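Below you'll find the structure, written out as structure tokens, and then a few comments.
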Amino acid sequence: MLLPDANTVERLLRHYRTQERSVLARPCDLSVRRRFEDTAYTLCVLMGERTAHEAVRAAERYVAQGGPVPREALEGLAGS
């Protein structure tokens with residue numbers, strides 16, 4: 001299983017939050033909304049989630065734990 005780089009996830013999460021504030025400040029600006037949606041989509045793909053909300057939560061957990069889970073912690077999980 002490939003895991004994303006924690007620094008990349010953290011940077012993308014900060015970018016997402018910045019763009020989220022921009023969309024809230026200028027909800028009718030289509031270019032701002034498009035960039036926000038592109039970032040949300042990238043976050044979904046990177047974190048393997050279907051919605052931006054789930055992807056943000058997964059990214060926050062991932063960054064908080066410091067990145068990839070050690071291999072020993074994965075042993076015993078189904079499919080590992």
Side-chain angles (χ1 to χ4, degrees):
M1 170 171 61
L2 294 176
L3 299 172
D5 175 60
N7 292 329
T8 301
V9 173
E10 185 175 13
R11 187 172 6 95
L12 187 60
L13 192 54
R14 280 194 317 265
H15 191 60
Y16 175 88
R17 293 294 187 199
T18 299
Q19 290 182 342
E20 184 178 45
R21 287 189 296 274
S22 294
V23 167
L24 291 172
R26 295 183 307 242
C28 295
D29 188 333
L30 293 180
S31 65
V32 170
R33 181 169 295 282
R34 227 175 272 123
R35 282 192 304 271
F36 174 67
E37 290 172 354
D38 286 347
T39 302
Y41 175 79
T42 302
L43 196 55
C44 287
V45 170
L46 191 63
M47 299 311 298
E49 298 293 344
R50 290 179 173 240
T51 68
H53 180 72
E54 292 170 348
V56 167
R57 289 181 40 206
E60 288 171 341
R61 284 191 307 269
Y62 189 76
V63 169
Q65 74 182 13
V69 177
R71 185 165 184 79
E72 301 80 42
L74 296 175
E75 291 176 5
L77 293 177
S80 296

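The structure displayed is predicted, hence computed values, not measured ones. In what follows, residues are counted from 1 in the order of the sequence shown.
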Is there any salt bridge (charged side-chain N to carboxylate O under 4.0 Å, His left out) pair reaching into residues 21-31, and which pairs are they, with sequence neighbours excluded?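 Qualifying pairs, neighbours excluded: R26-D29.
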Considering only residues two or more places apart or on different chains, which pairs with a residue in residues 41-60 satisfy salt bridge (charged side-chain N to carboxylate O under 4.0 Å, His left out)?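 Matches after skipping sequence neighbours: R17-E60.
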Result block: side-chain N/O donor-acceptor pairs under 3.5 angstrom for residues 33-40, not counting sequence neighbours:
residue	atom	partner	partner atom	Å
T39	OG1	Q19	OE1	2.6
T39	OG1	R35	O	3.0

With E10, which residues qualify under side-chain hydrogen bond (donor to acceptor under 3.5 Å, both in side chains), at least two apart?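 E10: no side-chain hydrogen bond (donor to acceptor under 3.5 Å, both in side chains) contacts found.
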Residues which pass side-chain hydrogen bond (donor to acceptor under 3.5 Å, both in side chains) with S22, listed by chain and number, not counting sequence neighbours: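 Residues passing side-chain hydrogen bond (donor to acceptor under 3.5 Å, both in side chains) with S22: none at all.
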For L30, which fellow cluster members are found when Ile, Leu, Val, Met, Phe, Trp and Tyr are connected by side-chain heavy-atom distances below 4.5 angstrom, either directly or through intermediates?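 Under the 4.5 Å side-chain rule, L30 groups with nothing.
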Any chance you could pull the hydrophobic cluster mates of Y41, using side-chain heavy atoms under 4.5 angstrom and chaining through other members?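 The other cluster members (ILVMFWY side chains, heavy atoms under 4.5 Å, direct or chained) are V45.
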Salt bridge (Lys or Arg N to Asp or Glu O under 4.0 Å) with R11: which residues, sequence neighbours excluded?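 By the salt bridge (Lys or Arg N to Asp or Glu O under 4.0 Å) rule, R11 matches no residue at all.
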Without swapping roles, check the side chain of Y62 against the backbone of M47 for a donor-acceptor pair under 3.5 Å.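 Checked: no pair found.
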Atom OG1 of T8 and atom CG of L13: how far apart are they, to the nearest 0.5 Å?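 Answer for the OG1-CG pair, T8 versus L13, is 12.0 Å.
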Per the side-chain contact (heavy atoms from CB on, under 4.5 Å) rule, which among L12, N7, V9 passes with V63?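 Testing each of L12, N7, V9 against V63, the sole residue satisfying side-chain contact (heavy atoms from CB on, under 4.5 Å) is V9.
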Smallest separation among heavy atoms of A59 and L43, with atom names: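 Looks like CB-CD1, 4.1 Å.
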